[in-house]
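A short write-up of the structure that comes next.
Note that this is a predicted model, so its numbers are computed, not measured. Chain identifiers are assigned alphabetically (A, B, ...) following the order of the sequence lines, protein sequences preceding nucleic acid strands; residue numbering begins at 1 within each chain.
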Protein chains: 2
Amino acid sequence: MTQDVGTALRTLTENRMNQTDPASKPSLIQQRNRKRILDAALDVFSRHGFRGSTLDQIAAAAGLSKPNILYYFSGKEEIHVSLLNGLMDAWLAPLREVDPAGEPLDEILRYVHRKLEMSREFPRESRLFANEILQGAPRMAPHLEIELKPLVDKKTALIKRWIAEGRLARVDPHHLIFSVWATTQHYADFATQIQVLMDGREVHEGAEAFLETLYRRLLAL
Amino acid sequence: MTQDVGTALRTLTENRMNQTDPASKPSLIQQRNRKRILDAALDVFSRHGFRGSTLDQIAAAAGLSKPNILYYFSGKEEIHVSLLNGLMDAWLAPLREVDPAGEPLDEILRYVHRKLEMSREFPRESRLFANEILQGAPRMAPHLEIELKPLVDKKTALIKRWIAEGRLARVDPHHLIFSVWATTQHYADFATQIQVLMDGREVHEGAEAFLETLYRRLLAL
DNA sequence: TTTCATCTTGACCATACGGTCAGGAAATGA
DNA sequence: TCATTTCCTGACCGTATGGTCAAGATGAAA
């Protein structure tokens with residue numbers, strides 16, 4: 001899974017350079033620094049949101065000077081958009097991998113498992129998206145329409161089919177998916193709160209067990 | 001329910017005035033303007049987060065000048081803290097009202113219903129808290145420890161008792177509560193996303209039906 | 001080693017923003 | 001009516017922040 005996000009990051013790293021002709025190979029330095037910047041930016045943006053983050057913070061976290069960062073990206077906004085673009089694919093992978101040929105209940109439970117795993121392994125990514133959507137997704141609206149919506153339409157249709165075939169209990173597929181997002185991402189986005197309420201106790205295994213029970217009871221026939 | 005939040009707002013309105021002696025009655029103008037400011041601030045903070053909101057925005061939304069706002073509140077931070085303080089009680093009311101003397105399943109379903117209703121009626125409040133907790137709850141840490149934690153401890157103990165008495169199916173009470181928060185608040189906090197994915201279709205009734213099914217299947221014996 | 005492109009930075013700029021203040025306008029009340 | 005408190009504002013200030021730029025440092029290629 002680290003692979004997934006890594007790959008996505010690498011992909012976006014190969015994007016248009018500032019003034020360079022398109023399709024020119026990026027130097028090693030360029031690759032290294034772009035990756036540094038994006039990783040630092042993920043850290044900062046996910047903790048403070050877009051508006052609450054400063055270029056100086058990102059520069060410090062990346063170990064580069066501010067003007068140097070502006071050498072690789074045209075501005076704060078472009079860094080943010082690059083991050084969102086680069087992480088989107090990895091973020092949607094679990095849903096994309098729900099397999100029409102698989103056993104319905106297993107597929108859903110596997111999806112829940114993967115999502116929860118991502119919340120644990122990549123809380124920064126989760127919070128980055130949460131922040132963005134909370135603010136009305138000003139820098140992500142196209143993504144929602146063009147990438148997310150078709151995917152959700154496809155998968156809700158699949159679930160609907162499964163239900164019609166009597167292989168899953170009856171539920172509204174859209175709300176089912178929303179609930180998976182909500183329950184799994186909650187552990188990353190609201191970690192501070194959960195930390196306090198669970199003081200010290202183990203969180204993840206309990207969550208895993210709970211969610212498996214939840215969706216098994218909901219969907220089993 | 002409007003009553004609840006209104007009352008809470010009024011309560012916090014009666015707080016310490018800038019330089020006035022404590023326990024002096026606030027004038028009508030003072031009441032009116034403080035309420036205006038807090039309502040405007042709720043609007044702005046819930047849409048842009050603390051850092052992303054400016055006093056000028058709040059002033060404009062309240063129909064007052066910036067210095068005039070600083071006449072009523074010592075600064076941006078105090079407005080924000082006042083809001084959180086004033087809304088906390090109303091926010092926790094649904095959980096507080098879970099009745100040990102009631103029928104377990106009914107009580108939980110009623111709780112879910114109330115929470116979902118709040119997400120629909122008071123999305124701004126939901127987003128305000130979501131924003132704050134996402135950023136690590138810097139202005140809310142005491143509340144979490146002093147108000148939320150004891151309440152959650154009490155209610156999880158109650159649920160545990162219900163389960164031990166064989167009146168609810170076995171589940172981890174903490175994760176149960178987390179899931180209720182997650183699934184209900186999701187409809188307010190991620191409304192932008194849901195709007196896109198449900199384009200036009202009715203959201204709330206579907207959510208209501210889905211969540212009732214979800215928790216009924218999870219908790220029924 | 002020289003040359004050229006790439007990379008890096010200190011100094012600087014313009015704007016936005018939180019906050020102050022002196023003084024004026026409105027209420028309040030005697 | 002006048003006096004006093006409460007309320008309101010234009011003008012202003014210091015700092016933070018996004019962004020620019022000219023010039024220098026550091027590679028890569030010959």
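In the displayed structure, K160(B) atom NZ is contacted under 6.0 Å by at most 12 heavy atoms of other residues, nucleotides or ligands. Counting heavy atoms of neighbouring residues, nucleotides and ligands inside a 6.0 Å radius, atom CD of E202(A) exceeds 12 of them.
F50(A) meets the ring-ring contact (aromatic ring centres under 6.0 Å, His included) test with F45(A), H80(A); sequence neighbours excluded. Not counting sequence neighbours, K154(A) has no partner by the side chain to side chain donor-acceptor pair (under 3.5 Å) test.
Side chain of E78(B) to backbone of S74(B): a donor-acceptor contact under 3.5 angstrom is found. Checking side-chain atoms of K76(A) against main-chain N and O of S53(A) turns up a donor-acceptor pair under 3.5 Å. Side chain of K155(A) to main chain of R96(A): a donor-acceptor pair is present (N/O by atom type, distance under 3.5 Å, no hydrogens or angles). For the pair E212(A) (side chain) and A209(A) (backbone), a donor-acceptor distance under 3.5 Å is absent.
Distance CD (E78(B)) to P (dG19(C)): 10 Å, rounded to an integer number of Å. Rounded to an integer number of Å, the gap from CZ of R34(A) to P of dT6(C) is 14 Å. Rounded to an integer number of Å, the gap from CD1 of I69(A) to P of dC7(C) is 15 Å. Atom CG in L28(A) sits about 19 Å away from atom P in dT26(D), given to the nearest Å. Regarding L70(A), its CG atom lies at a distance of 18 Å from the P atom of dA11(C), rounded to whole Å. For the pair R32(A) CZ and dG27(D) C1', the interatomic distance rounds to 12 Å; values are reported in whole Å. Rounded to a whole Å, the CZ atom of F73(B) is 13 Å from the P atom of dC8(D).
DNA chain C contains the following stems of three or more consecutive Watson-Crick or G-U pairs, with both distances under 3.5 Å: C:1-30 with D:1-30.
Salt-bridge check for D43(A) with R127(A): failed, with every basic side-chain N at 4.0 Å or more from each acidic carboxylate O. In this structure, D99(A) does not pair ionically with R110(A), as no charged nitrogen and carboxylate oxygen lie closer than 4.0 Å.
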S126(B) vs Y187(B), side chain to side chain donor-acceptor pair (under 3.5 Å): CA-CA, chis, key distance, verdict: CA-CA 10 Å; S126(B) 184; Y187(B) 289 99; over 6 Å; no
Pair H48(B)-Q135(A), side chain to side chain donor-acceptor pair (under 3.5 Å): steps then yes or no: CA-CA 6 Å; H48(B) 309 292; Q135(A) 316 296 324; 5.0 Å; no
Derivation and outcome, side-chain contact (heavy atoms from CB on, under 4.5 Å), residues L64(B) and Y71(B): CA-CA 11 Å; L64(B) 297 173; Y71(B) 173 76; over 6 Å; no
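Of the side-chain N and O atoms in Q30(B), none sit less than 4.0 angstrom from OP1 or OP2 of dT6(D). When the side-chain nitrogen and oxygen atoms of N68(A) are compared with OP1 and OP2 of dC7(C), none of them lie within a distance under 4.0 Å. When the side-chain nitrogen and oxygen atoms of Y71(A) are compared with OP1 and OP2 of dC7(C), one or more of them lie within a distance under 4.0 Å. Distances shorter than 4.0 Å separate none of the side-chain N or O atoms of N33(A) from OP1 or OP2 on dT6(C).
Contacts between residues 128-136 of chain A and DNA chain C, counted as heavy-atom distances below 4.0 Å, involve no residue at all.
F178(A) and H175(A) have perpendicular rings, their planes meeting at more than 60° on a 0 to 90° scale where under 30° would count as parallel.
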Pairs under 3.5 angstrom, nitrogen or oxygen only, protein versus nucleotides 22-27 of chain C, please.
none

Which atoms of nucleotides 15-17 of chain D (N or O only) lie under 3.5 Å from a protein N or O atom, and what are those distances?
from, atom 1, to, atom 2, distance (Å)
dT17(D), OP1, R51(B), NH2, 2.6

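Set against dT20(C), dG10(C), dC7(C), the side chain of Y72(A) has dC7(C) as its closest nucleotide.
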